[in-house]
Amino acid sequence: MRNGIVALTALVAMTASAAPADAQQTGEPCDLLPNPTRTLNISNQGTPAESWFITEAVLVCPGGRRIVADTATYSLAASQITLNGDVEVDDIDRSLRSEFAQYFTESGQLHARTDVVLRETRNGSVIMSELLDIYQETPERESLLIATGGRPRAIMYEQAETPAGAEPLMAEPAIEEIVAGAPRDSTILDAQEIRITGGQSFRGTGNAVLLRDSLTATAQAIEFNDSTRRMDLMGSAVVQLPTQELRGDTITATVDASDQIDEVLAMHNASLQAEDLNVTAPAIRLMFADGGIERLVAM
């Protein structure tokens, strides 16, 4: 169980800057880059209802966000860009691919649909879903990402250490690798809904499954908070290892600064099964040290 939670912080960081900060509330329009083969039709030009219809669209928005699509409709008054076909939305921290999207230039809201892939550029961590909604942080609320539709998946890769003075590595695994299964340096979360709040916590709801190396954790909901370093499995929770299985209505794990589990508590109908041990109790607490279980307490 010792290596089960590494790389979770890569996921909770993915919405910390969902849009560049200086792109917020500027009121500046996006710029349409030159393209000799595109078509540009402008309706209601010079009025508050001015709208552009663009084929082979390539736009750059305040803050450096680059937007590409087969076709785009840009309503200047609403600060809204509707994108269709081979959609690409890129900034310095992450890239998004989908078949349809709506982007609101002032608020930084982004709503993507159909074959959505959001990739964190520093280490290649990925969220895949059919529906993805990103709400930028405002004075009234924290940033929020909601992935739904189909069976959303998040693959979190460890951030490799970069030598002083060196450029960070841009580890971007191929889609074939993502579909086939993540390599050993990754953590996978599958659920009916994945929600990331404030760049500090994530929650997978609906038959949630978390995979890391030989560890499999399942529950109706799995939640991790980076500020408290705590993971909660709620509803028919199970943590499985090759030689151990821990069950409970709820399982709570605390994680140290190195993303290693240091304590696990299973509560209500708790049970622990191992090769030479079978314990059933209202609650079971496991404490770890030096890579293994140091103490077991059944209550």
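Y103 contributes no side-chain N or O that, together with a main-chain N or O of I67, makes up a donor-acceptor pair within less than 3.5 Å. No donor-acceptor pair under 3.5 Å is formed between the side chain of T114 and the backbone N or O of F100. S125 contributes a side-chain N or O that, together with a main-chain N or O of Y157, makes up a donor-acceptor pair within less than 3.5 Å. For the pair N225 (side chain) and T228 (backbone), a donor-acceptor distance under 3.5 Å is present. Side chain of T121 to backbone of I92: a donor-acceptor contact under 3.5 angstrom is found. Using modelled atom types, no side-chain atom of S271 and backbone atom of V279 make a donor-acceptor pair closer than 3.5 Å.
In this structure the side chain of V60 never reaches within 4.5 angstrom of the side chain of R65, judged on heavy atoms. When side chains are defined from C-beta on, D133 counts as touching R113, because their heavy atoms get closer than 4.5 Å. Side-chain contact between L144 and R195 is present, with at least one heavy-atom pair separated by less than 4.5 Å. Side-chain contact between T250 and D232 is absent, with no heavy atoms from C-beta onward closer than 4.5 Å. Put simply, the side chain of E294 does not reach to within 4.5 Å of the side chain of F288, judged on heavy atoms. Side-chain atoms of M299 and L265, non-hydrogen and from C-beta on, do get closer than 4.5 Å to each other.
There is no side-chain donor-acceptor pair under 3.5 Å between E99 and N84.
Within 6.0 Å of CZ in R38 there are more than 12 heavy atoms belonging to other residues, nucleotides or ligands.
A salt bridge is defined here as a Lys NZ or Arg NE, NH1 or NH2 lying under 4.0 Å from an Asp or Glu carboxylate O, and D90 with R97 meets this definition.
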